[in-house]
Asker: 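One structure, as structure tokens, below. Some questions next.
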There are 2 protein chains.
Amino acid sequence: MDKKKAITIKDVAKKAGVSSSTVSRVISKSPKISPETTNTVLECMEELGYHPNAIARSLVSRKAGTIGVIMPSTSKDALLNPFFPEALRGITYRASNAGYDILLSTNDSKEEELAVIKKYINSSKVDGIVLMSSEVGDICVEYLSSVDFPFTIIGSPSEHGDRINHVDNDNYMATYELTRYLTMKGRKNIAMIAGDLSLMVTKKRIEGYQKALEESNVPFDEKKVYTGSFDEKTGYEYASIIADLNPTPDGVIVTDDLVAFAAVRLFKQLKLEIPKDIAVASFNNSVLSRYSNPPLTSVDVNALALGEESIKLLIRAIEKGDRGNKIIIPHIIYKRKSTEED
Amino acid sequence: MDKKKAITIKDVAKKAGVSSSTVSRVISKSPKISPETTNTVLECMEELGYHPNAIARSLVSRKAGTIGVIMPSTSKDALLNPFFPEALRGITYRASNAGYDILLSTNDSKEEELAVIKKYINSSKVDGIVLMSSEVGDICVEYLSSVDFPFTIIGSPSEHGDRINHVDNDNYMATYELTRYLTMKGRKNIAMIAGDLSLMVTKKRIEGYQKALEESNVPFDEKKVYTGSFDEKTGYEYASIIADLNPTPDGVIVTDDLVAFAAVRLFKQLKLEIPKDIAVASFNNSVLSRYSNPPLTSVDVNALALGEESIKLLIRAIEKGDRGNKIIIPHIIYKRKSTEED
DNA sequence: CTGAAAGCGCTTACAG
DNA sequence: CTGAAAGCGCTTACAG
């Protein structure tokens, strides 16, 4: 593939009878160019079909005009719920509005993520980075902080949070409210399937759950909090353990619809009625939760807004050097039949 | 944000006591550098913490090292099924293995897509482009062909397909098989909810459906093919129309699980038994199809492979100028209770 | 096997 | 308001 000789700023300059400096200033909308020259230059650009070369521009301006987005591809952060696509949509939307492109990377481990981050930064390909997931003691957060490169986390950092830009839900409060709602409905024996303990969000949610139980005078029993891997299979396994408890819990909080859905299926197999015998409440408000039988009560975390705000924060970090900003996106609890007896 | 003075090839050259040409050659693994010089240069790079600047490299090599991915964000291509995230995973995986980064753009219309494509190309930010969806008479396909820029479609082009790289399923055959399978089960009155007619995939699927009916001596009736917008609401509406037909069809093919799921719910509301009264078969094999009650027979299109192969093709297009290659990814029909009476 | 030089397409002080 | 010149950090013929 040989590329044909590109039309450059010089061609435009020659045609317009000005210097390339002037053309450059027209491109960057510098105010000190007379309207007339601006116009002739603009016309010449049009006629020649000229387009600025972003690469050359980056080289001298030392701005990539690009934001790196680091996304997990599997595992801990169940990729099956619409969280990531939705957040990504918010990210690309805001970024492109602000004139940034998105460099996307999906990775299977934190080590891989770190390698990509270093590559992006060292090769000057990006001006800032969005981390779409973070865990306790996250090595990527650690690294980005240490080199003071502009970045934002979707989620919360486990350490020095006052110096790290992040956007998150109030997961403590969301789970508190969800649990309180169940206890208000008279549930007194509530289990939880919580996800991977290495994730900050899991910790926060367990805290909210515990707090709500305590306030409701329902004893907190850490044995009834099931953590670890997080997929359909886990949903089945934990659900069957929960069903076997004596007495059987009358409520379960599950932190993802997909897993909740699996649990519901198992409960139904065991002839447990939902919500009569056991209420089920969940997170992410995906299609699954709406269409499940019965429909699942679920917390909508507003992934779109999380994505959008992460970019707003990042751009402030890039352009103004802002650090340590935090934005909380409101959640909404959608109450459905899985917790509401008729 | 002022960036600290970067460590450049010159610093390495000085420290190693060689010219920057030599350092450059070491970076690009040019064979004509002696092992000794190579080693000392490598050491110096290590000691100085040197990393090549990808931007500068791109400028002179005229290669961006980046692939643009154009993704629809809404509408016609129901974003709720895991197709896009999965395909994206295949794309990023293959691309990063081949040393390319991914520039991602999500767009709400073909006009927007075209604008982004032009921007990517004109600003030299990408070496090639993947189109994740295409419609009949697609303006992006038209443009990319006309400028002969390397690109691949996931799906099929409506015109001059012999010159356009694309990877697709055999949607004609998949739907043919699915329909035949229903007629073999004794279904004689099969409706179809097919999706947006402006998409190539919709046309192909309708053709396969028609062919199978004809071969089964079941008359094809285009009135029983429901096209147009494609979401949960559509699923409900068309399903209620279908249920009202006289006689009521004994089978329906729906080209997406989410829509099928909505249809199933409506049928159940109307006390139609599935599959006894009406069999339902669908596409995409998402979580929904597995967890639906009853589980849905669904065609798995292997989005991951579609993504991976699209990149393989694109890289050949970029690096070797290949055009007009086509790859067919095998589909798998997962037969489940929605079409299988016990 | 290695170096000096030109150049990729821009921007930006500096000078006028 | 405009231009000449230097430079961003690299690669690549050309020459030796």
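The structure displayed is predicted, hence computed values, not measured ones. Proteins get letters first, then strands, A, B, ... in listed order; numbering begins at 1 in each.
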Asker: So, is B:S19 close to the C:dG3 phosphate, meaning a side-chain N or O under 4.0 Å from OP1 or OP2?
Answerer: yes

Asker: On the side chain of A:R25, is there an atom forming a donor-acceptor pair with the base of D:dG3 - under 3.5 Å, no angle test?
Answerer: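 Under the 3.5 Å cut-off, the side chain and the base do form a donor-acceptor pair.
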
Asker: Round to the nearest Å and state the distance from B:K29 atom NZ to D:dT12 atom P.
Answerer: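 Those two atoms, NZ and P, are 14 Å apart.
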
Asker: If I take atom CG in residue A:N39 and atom C1' in nucleotide D:dC1, what distance separates them, rounded to the nearest angstrom?
Answerer: 15 Å

Asker: Between B:P35 and A:T8, who's closer to the 5' end of DNA chain C by nearest nucleotide?
Answerer: B:P35

Asker: Would you kindly give the NZ-to-C1' distance between B:K14 and C:dG3, to the nearest whole Å?
Answerer: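 B:K14 atom NZ is separated from C:dG3 atom C1' by 17 Å.
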
Asker: Below the 4.0 Å mark, does D:dG3 have OP1 or OP2 next to a side-chain nitrogen or oxygen of A:T22?
Answerer: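 A:T22 to D:dG3 OP1/OP2: side-chain N or O found under 4.0 Å.
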
Asker: In terms of side-chain geometry, is the basic nitrogen of B:D162 or B:K326 positioned less than 4.0 Å from the acidic oxygen of its partner?
Answerer: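 Not counted as a salt bridge, because no side-chain N and carboxylate O are separated by less than 4.0 Å.
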
Asker: Rounding to the closest angstrom, what is the interatomic distance between C:dG16 and C:dT12 at atom C1'?
Answerer: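 Straight-line distance between the two C1' atoms is 16 Å.
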
Asker: If only side-chain N and O atoms of A:R57 are considered, is one of them under 4.0 Å from the OP1 or OP2 phosphate oxygen of C:dG9?
Answerer: no

Asker: For C:dT2 and B:T37 - does any side-chain N or O of the residue sit under 4.0 Å from the phosphate oxygens OP1/OP2?
Answerer: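 Answer yes for this pair, as a side-chain N or O of B:T37 is under 4.0 Å from OP1 or OP2.
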
Asker: Would you say D:dG9 has OP1 or OP2 under 4.0 Å from some side-chain N or O of B:S20?
Answerer: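 B:S20 to D:dG9 OP1/OP2: no side-chain N or O under 4.0 Å.
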
Asker: Roughly how many Å is it from NZ in A:K125 to P in D:dC10, rounded to a whole number?
Answerer: 15 Å

Asker: Counting only side-chain heavy atoms from C-beta out, which of D:dC10, C:dG9, D:dT2 sits nearest to B:L59?
Answerer: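 Among the listed nucleotides, the one closest to the side chain of B:L59 is C:dG9.
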
Asker: What is the distance from atom OG of B:S24 to atom CZ of B:R57, rounded to the nearest 0.5 Å?
Answerer: 7.5 Å

Asker: Could you check which of C:dC1, D:dC8, D:dG3 has an atom nearest any side-chain atom of A:V18?
Answerer: D:dG3

Asker: Relative to the 5' end of DNA chain C, which residue comes earlier, B:S61 or B:S34, by the nucleotide with the nearest heavy atom?
Answerer: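 That would be B:S34.
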
Asker: Between B:N325, B:N165, B:T152, which is the residue that forms a side-chain contact (heavy atoms from CB on, under 4.5 Å) with B:R316?
Answerer: B:N325

Asker: Pairing check on D:dA13: which nucleotide meets the Watson-Crick or G-U wobble criteria with it, both distances under 3.5 Å?
Answerer: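 Per the H-bond distance test, none.
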
Asker: Can you tell me the distance, in whole Å, between the CD1 atom of B:I27 and the P atom of C:dT2?
Answerer: 15 Å

Asker: Atom CD1 of A:I9 and atom P of D:dG3: how far apart are they, to the nearest Å?
Answerer: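 The answer, rounded to whole Å, is 12 Å.
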
Asker: Is it the case that A:T37 and A:N39 place a side-chain donor and acceptor less than 3.5 Å from each other?
Answerer: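 Their side chains do not contain a donor-acceptor pair, so the 3.5 Å distance test is not met.
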
Asker: Rounded to the nearest Å, what distance is computed from the CG atom of residue A:L48 to the P atom of nucleotide C:dG9?
Answerer: 14 Å

Asker: Does a salt bridge link A:K15 with A:E47, judged by any charged N lying under 4.0 Å from a carboxylate O?
Answerer: yes

Asker: Less than 4.5 Å apart, any side-chain heavy atom of B:F149 and any of B:I318?
Answerer: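 No. Closest side-chain heavy atoms not under 4.5 Å.
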
Asker: If C:dA4 has a Watson-Crick or G-U wobble mate with both distances under 3.5 Å, name it; if not, just say none.
Answerer: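 Paired with C:dA4, as far as the under-3.5 Å criterion goes, is no nucleotide at all.
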
Asker: Rounded to whole angstroms, how far apart are NZ on B:K10 and P on D:dG7?
Answerer: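 Checked: the NZ to P distance equals 8 Å.
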
Asker: Please confirm whether the shortest side-chain N or O distance from B:S24 to OP1 or OP2 of D:dT11 is below 4.0 Å.
Answerer: yes

